[in-house]
Amino acid sequence: MRVAIVGSGKLGTPLGRLLAVAGHDVFFSDAEPDKVAAAAQAAEGEVRGGSPLEAARFGEVVVMAVGWESFPDVVAELGAALEGKIVIDPSNPIGERDGAAVVVAVPDGLTSPQYQQHVLGERVRLVRTFNTKYPNELLDLGLAGQRGGARADMPYWGDDDAAKKAVVPLIEDAGFTAIDGGGLSEAL
Ligand SMILES: NC(=O)c1ccc[n+]([C@@H]2O[C@H](COP(=O)([O-])OP(=O)(O)OC[C@H]3O[C@@H](n4cnc5c(N)ncnc54)[C@H](OP(=O)(O)O)[C@@H]3O)[C@@H](O)[C@H]2O)c1
């Protein structure tokens, strides 16, 4: 599958690597080209790299691995390139204040991915997953699962059943057992 990684930081890099190892066609992107090069180097297998817009146009699935507070700006930047696409949202509502991580209140009593779906609009098919592990843990558990070891559970949530069904093989190929957590209102 063609997978775009928008945000090649701590989470996007190992996730892209796991999917590239599994044979998916991974396209890393970031606001900073240096981070794209570093992510591509960390990945095993052939990967592509470029701008977030190029990545979003390329991907059948677009992973938004940017900070929660950057999400609306990145969505505005990518605009029509996301329309009709499946977007994977691993973002937790964490922001930064004076150099420290803080939990951000999600507006309107929504869950975090319900808010992200609101930002994305109804023509984007959101699936929330890969948000429950730290990056090193994600990589170690994923590689272990890919190599035939015990598989860790990876929950996923969404309101679009076809999009959820399409994401399950990605979760499994990344080395995890996909666990359906229900709709976006039930998401962690
Ligand atoms: N790290 C974790 O433990 C963890 C665990 C689970 C889920 N998550 C979630 O995963 C997401 C990414 O977290 P992270 O830890 O990987 O953060 P990170 O290391 O800061 O990576 C985010 C990347 O996105 C880039 N970015 C910012 N604005 C962008 C834009 N407009 N277009 C393209 N790229 C842009 C950032 O570049 P700059 O540095 O230049 O801003 C950075 O390289 C967050 O929502 C987080 O909640 C993280």
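For ligands, and for the atoms within them, numbers begin at 1 and follow the listed sequence. Nothing fancy with the numbering, it's 1 onward along the sequence. All values below were derived from every heavy atom in this structure, side-chain atoms included, with hydrogens, water molecules and symmetry-related copies excluded.
With ligand atoms numbered from 1 in the order given, ligand 1 contributes 23 (C), 24 (O) to contacts under 4.0 Å with heavy atoms of G7. Close contacts of ligand 1 with W68, meaning ligand atoms under 4.0 Å from a residue heavy atom, involve 45 (O). For ligand 1, the atoms lying closer than 4.0 Å to a non-hydrogen atom of P52 are 32 (N), 33 (C). Close contacts between ligand 1 and P135 involve ligand atoms 1 (N), 2 (C), 3 (O) [criterion: under 4.0 Å to a heavy atom].
A salt bridge is defined here as a Lys NZ or Arg NE, NH1 or NH2 lying under 4.0 Å from an Asp or Glu carboxylate O, and E69 with R97 meets this definition. Salt-bridge annotation for E60 and K85: absent, with no side-chain N of the basic residue lying under 4.0 Å from a carboxylate O of the acidic one. Salt bridge status for D25 with R2: absent, with no side-chain N to carboxylate O gap under 4.0 Å.
At the shortest separation from atom 30 (C) of ligand 1 among protein heavy atoms lies V74 CG2, 3.5 Å. Counting protein heavy atoms only, atom 46 (C) of ligand 1 is closest to N92 N, 4.0 Å. Protein heavy atom at the shortest distance from atom 48 (C) of ligand 1 is L11 CB, 4.3 Å. Of the protein's heavy atoms, V66 O, 2.7 Å lies nearest to atom 45 (O) of ligand 1.
Contact between R17 and A42 at its shortest, heavy atoms only, is CD-O, 3.2 Å. Shown here for S8 and A39, the closest heavy-atom pair between the two residues is CB-CB, 3.8 Å. When all heavy atoms are compared, the tightest approach of L120 to L126 is CD1-CD1, 3.5 Å. Nearest heavy atom pair, residue F176 against residue M154, reads CB-CB, 3.6 Å.
The closest approach between any non-hydrogen atom of K133 and ligand 1 is below 4.0 Å. The shortest separation from a heavy atom of D73 to ligand 1 is not under 4.0 Å, leaving the residue out of contact.
Inclusion of E32 in the set of residues having an N or O under 3.5 Å from an N or O of ligand 1 is warranted. The shortest N or O to N or O distance between T132 and ligand 1 is not under 3.5 Å. For the pair F130 and ligand 1, the shortest N or O to N or O distance does not fall below 3.5 Å.
Of all the heavy atoms of S91, the ones lying under 4.0 Å from any atom of ligand 1 are found in both the backbone and the side chain.
Checking side-chain atoms of K164 against main-chain N and O of G182 turns up a donor-acceptor pair under 3.5 Å. Of the possible polar contacts, one joining the H24 side chain to the M1 backbone as a donor-acceptor pair under 3.5 Å is found. Looking only at distances, a side-chain donor or acceptor of Q117 sits under 3.5 Å from a matching main-chain atom of V124. Put simply, the side chain of E96 never gets that close to the backbone of V102: no donor and acceptor are under 3.5 Å apart. Between the N92 side chain and the N131 main chain, a donor and an acceptor come within less than 3.5 Å of each other.
Atom 19 (O) of ligand 1 has its nearest heavy-atom neighbour, among K35, E77, K10, in K10. Proximity annotation for atom 23 (C) of ligand 1: of T13, D30, N131, D30 comes nearest, heavy atoms only. Taking all heavy atoms of P90, S29, A31, G9 into account, the minimum distance to atom 7 (C) of ligand 1 is reached by P90. Evaluated by nearest non-hydrogen atom to atom 12 (C) of ligand 1, the leading choice among A65, A56, A55 is A65.
There is a protein heavy atom closer than 4.0 angstrom to atom 3 (O) of ligand 1.
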